[in-house]
Engineer: 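I have a structure I would like to understand better, so I am pasting it below and will then ask my questions one at a time.
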Amino acid sequence: MAKTKQKRSLGLVPVYAVLIFASLFSLFPFYWMFVMSTRPSEAYNSIPPALIPGTKLVENFQRVLDSIPFFQSMWNTVLLCTSVTLVVLFISSLAGFAFAKFEFPGKNFFFVAILLTMVIPPQLGLIPQYYLVSELGWLDTLFGAGILYLLNPLGIFLMRQYISQSVPDELIEAAKLDGCSNFRIYRSIVLPIVKPAFATLGIIVFTLVWGEFLWQFTVLRSPESYTLQVALASLNNAYNIDFGMLLSGVFWATAPLIIIFLLFNKLFISSITEGSVKS
Amino acid sequence: MELARDQKTSIPKKKKRSERQKDMLSGYLYIAPFFIIFAIIGLYPALFSIYLAFQKWSGFGPMEFAGLNNFAIVLQDPLFWKSLYNTLIMGVLGTAPQLIVGIVLAYFLNMAAVKFSNFFRVTIFMPYITSMVAVALVFGVFFSSNESSLANFIIGWFGMDPVNWKTSEWGAKIAISLMVFWRWVGYNTIIYLAGLQSIPKDLYEAATIDGANKIQQFFHVTIPLLKPFIVLTVFMSTVGAMQLFAEPTVFLGGQAFNRDEAMTVVMYLYRDAFNLNSFGTASATAVLLLIFIVAIAGLNTWLTSGKKAKRGRI
């Protein structure tokens, strides 16, 4: 018995070796990004390479603040992500409610149509979308940057699944007998029940908008309207790049997400599996 | 009396019908926002793009019908083929290892005997929360063309000469594929892990009784049952790979659109549209991209859900 146990745990050595290597591989860029953000710009070509934090943390960040409106961009990003997420949650839960609980002609057709919209690559309409936004005068505004993300077929799909599973038909029938309007039912019965699904979908939408680049890069042209991604990318265009400053910018732009992730990692991981596995 | 009974039966009937009508109306009303938004910023731009693909237009003045001319221009442009080639190479280099490594990592994390599985799960998933821009900037410094950059220092240990990561044919592709790999491998691992956890334990017990060893179990129980998850991740990562834009653009910085080592189809499209004001050819490229995505995603799905899978079904 003891022998087989020993044999089994010895067999796990390569498994642990692989997992530890994978963890280090995943974490190293984060660590190195932090090290570089505390080093003078020349550190990136010192031999041997700098792998221990230095003393320039504040100076480097000061230069980021001198080059881009960092806090303005952070604020723009948070505003963009939050408002897009709230609108998507509203649209998706409303439509999910309709698909889960109402009967109307063409229901299946509309649902399949929503799923099919997922197949259209976002770049196909890029030029007309740009023109549309510019005609409406929304170029260089967060409104123009956000409008594209309001299309979220996955959200409707997730909400329909969740509502049909967790909102009992009897509850809706009872509310109707009491004379509740359908919107009232949505507000006072469905919304409280779907809160957990809001967390899932909210994380998916928020991280998606936070990290997207092509559309924000296309629409946002002046530094005051930049989101973090566009502002960071603009740091990289100088002829002589200040590496300490560059990675300091990346570090401070990533740190809030790392903290949120470490606090809620279970929610993050389960939301991603739910979001993709169910589709 | 007669009248009263009539009223009694007709009132609920009427009420029931209006209730159904109300539900119908609510149904349409509640799904309307999505379709209105879709019509304005999804369908209309997509159709307009297809229309634009047959027009000559610089963004100002009237359009001119061009027939298939835009397609001819794009298809005869060596840079388009180069960008398609680059996209495919980086797609394969960035995604194929990601899926294989993801399955192995998920398999290890799912072993009952492995401790700290939660810790490994969190660390391996962490790259996913970084933005593509952040990844491209960090890797951009790591893979700087400078002789003493960290990447060149590391390959120096193995006796290799320094590489000009941003301007060499393979250097740029390898660096970009590695960032795609780094950011997504944990994401796929987590999806496979969810798949593995849905496989009933008694299937493994039955396989053990039948005398299958661990490796046989992996190929004959795990892989076939993981198939739906593999099809999903292959589909998502091929579609994603065909749309590669942020990583090469940010990695190469100011010179991104002037060089061709890592130019992707979407970069080619963007350059035509917003740097060269050639909206017709850019739209033709967008239509070609749509065709390629549908073809490659279809091919991949067909391959991954082909013969092997049928054999595995229990």
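Any value given below was found using the heavy atoms of this structure, including those in side chains, with hydrogens, waters and symmetry copies removed. Lettering follows sequence order; numbering is per chain, from 1.
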Engineer: Distance from B:Ile190 atom CD1 to A:Ile272 atom CD1, nearest 0.5 Å?
Structural biologist: 10.0 Å

Engineer: Would you please indicate if the ring centroids of A:Trp210 and B:Tyr128 are separated by under 6.0 Å?
Structural biologist: no

Engineer: Is chain A contacted by the side chain of B:Asn146, its backbone, both, or neither, given a heavy-atom distance below 4.5 Å?
Structural biologist: side chain

Engineer: To the nearest 0.5 Å, what is the distance between CD on B:Gln243 and CG on A:Leu214?
Structural biologist: 9.0 Å

Engineer: May I ask you to check whether B:Tyr270 and A:Phe217 place their ring centres under 6.0 Å from each other?
Structural biologist: yes

Engineer: Of the backbone (N, CA, C, O) and the side chain (C-beta and beyond), which part of B:Phe235 lies under 4.5 Å from a heavy atom of chain A, both, or neither?
Structural biologist: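 Contact with chain A is absent: no heavy atom of B:Phe235 under 4.5 Å.
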
Engineer: Is chain A contacted by the side chain of B:Ser283, its backbone, both, or neither, given a heavy-atom distance below 4.5 Å?
Structural biologist: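 Both parts, backbone and side chain.
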
Engineer: Examine distances only and state if a side-chain atom of B:Trp182 and a backbone atom of A:Pro29 form a donor-acceptor pair shorter than 3.5 Å.
Structural biologist: no

Engineer: Between B:Val266 and chain A, which part of the residue has a heavy atom less than 4.5 Å away: side chain, backbone, both or neither?
Structural biologist: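 Contact with chain A: side chain only.
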
Engineer: Is a donor on one side and an acceptor on the other found under 3.5 Å between the side chain of A:Gln123 and the backbone of B:Ala286?
Structural biologist: no

Engineer: Tell me if the centroids of the rings in A:Phe110 and B:Phe35 come within less than 6.0 Å of each other.
Structural biologist: yes

Engineer: Under 6.0 Å from the CD atom of A:Glu103, do we count more than 12 heavy atoms belonging to anything else shown?
Structural biologist: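 For A:Glu103, atom CD is not crowded (no more than 12 foreign heavy atoms under 6.0 Å).
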
Engineer: Calculate, to the nearest 0.5 Å, the distance between atoms CD1 and CD1 belonging to A:Ile147 and B:Ile37 respectively.
Structural biologist: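 It is 6.5 Å, given to the nearest 0.5 Å.
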
Engineer: Looking at the rings of B:Phe116 and A:Tyr16, which for Trp means the six-membered one, are their centres under 6.0 Å apart?
Structural biologist: no

Engineer: Which answer fits A:Phe97, side chain, backbone, both or neither, if we ask what part of it has an atom under 4.5 Å from a heavy atom of chain B?
Structural biologist: side chain

Engineer: Below 4.5 Å from any heavy atom of chain A, which atoms of B:Leu193 appear? Answer side chain, backbone, both or neither.
Structural biologist: neither

Engineer: Using 30° and 60° as the class boundaries, would you call the ring planes of B:Phe142 and A:Trp32 parallel, tilted or perpendicular?
Structural biologist: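 Judged by the thresholds at 30° and 60°, the geometry between B:Phe142 and A:Trp32 is perpendicular.
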
Engineer: Between A:Tyr131 and B:Phe279, how do the two ring planes meet: parallel, tilted or perpendicular, split at 30° and 60°?
Structural biologist: perpendicular

Engineer: Quick one: what part of A:Thr254 sits under 4.5 Å from any heavy atom of chain B, side chain, backbone, both or neither?
Structural biologist: side chain

Engineer: Answer with side chain, backbone, both or neither: which region of A:Leu132 has an atom nearer than 4.5 Å to a non-hydrogen atom of chain B?
Structural biologist: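 When you check distances to chain B, only side chain atoms of A:Leu132 fall under 4.5 Å.
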
Engineer: Tell me, for A:Asn265 versus chain B, whether the close heavy atoms (under 4.5 Å) come from the side chain, the backbone, both or neither.
Structural biologist: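 Just the side chain, heavy atoms under 4.5 Å.
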
Engineer: Minimum heavy-atom separation for A:Phe102 to B:Ser26, with atom names?
Structural biologist: CE1-CB, 3.7 Å

Engineer: Would you mind checking which part of A:Phe28 comes under 4.5 Å of any heavy atom in chain B, side chain (CB onward), backbone (N, CA, C, O), both or neither?
Structural biologist: side chain

Engineer: With a 4.5 angstrom heavy-atom cut-off, which part of B:Phe38 approaches chain A: side chain, backbone, both or neither?
Structural biologist: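 Contact with chain A is through both the backbone and side chain of B:Phe38.
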
Engineer: Could you look at A:Ala253 and say if it's the side chain, the backbone, both or neither that has a heavy atom under 4.5 Å from chain B?
Structural biologist: neither

Engineer: Side chain, backbone, both or neither: which part of A:Ala113 has an atom under 4.5 Å from a heavy atom of chain B?
Structural biologist: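 The answer is the side chain of A:Ala113.
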
Engineer: Does any heavy atom of chain B fall under 4.5 Å from the side chain of A:Lys107, the backbone, both, or neither of them?
Structural biologist: neither

Engineer: Under 6.0 Å between ring centres, would you say that holds for A:Tyr130 and B:Phe274?
Structural biologist: yes

Engineer: For B:Asn118, is it the side chain, the backbone, both or neither that has a heavy atom under 4.5 Å from a heavy atom of chain A?
Structural biologist: side chain

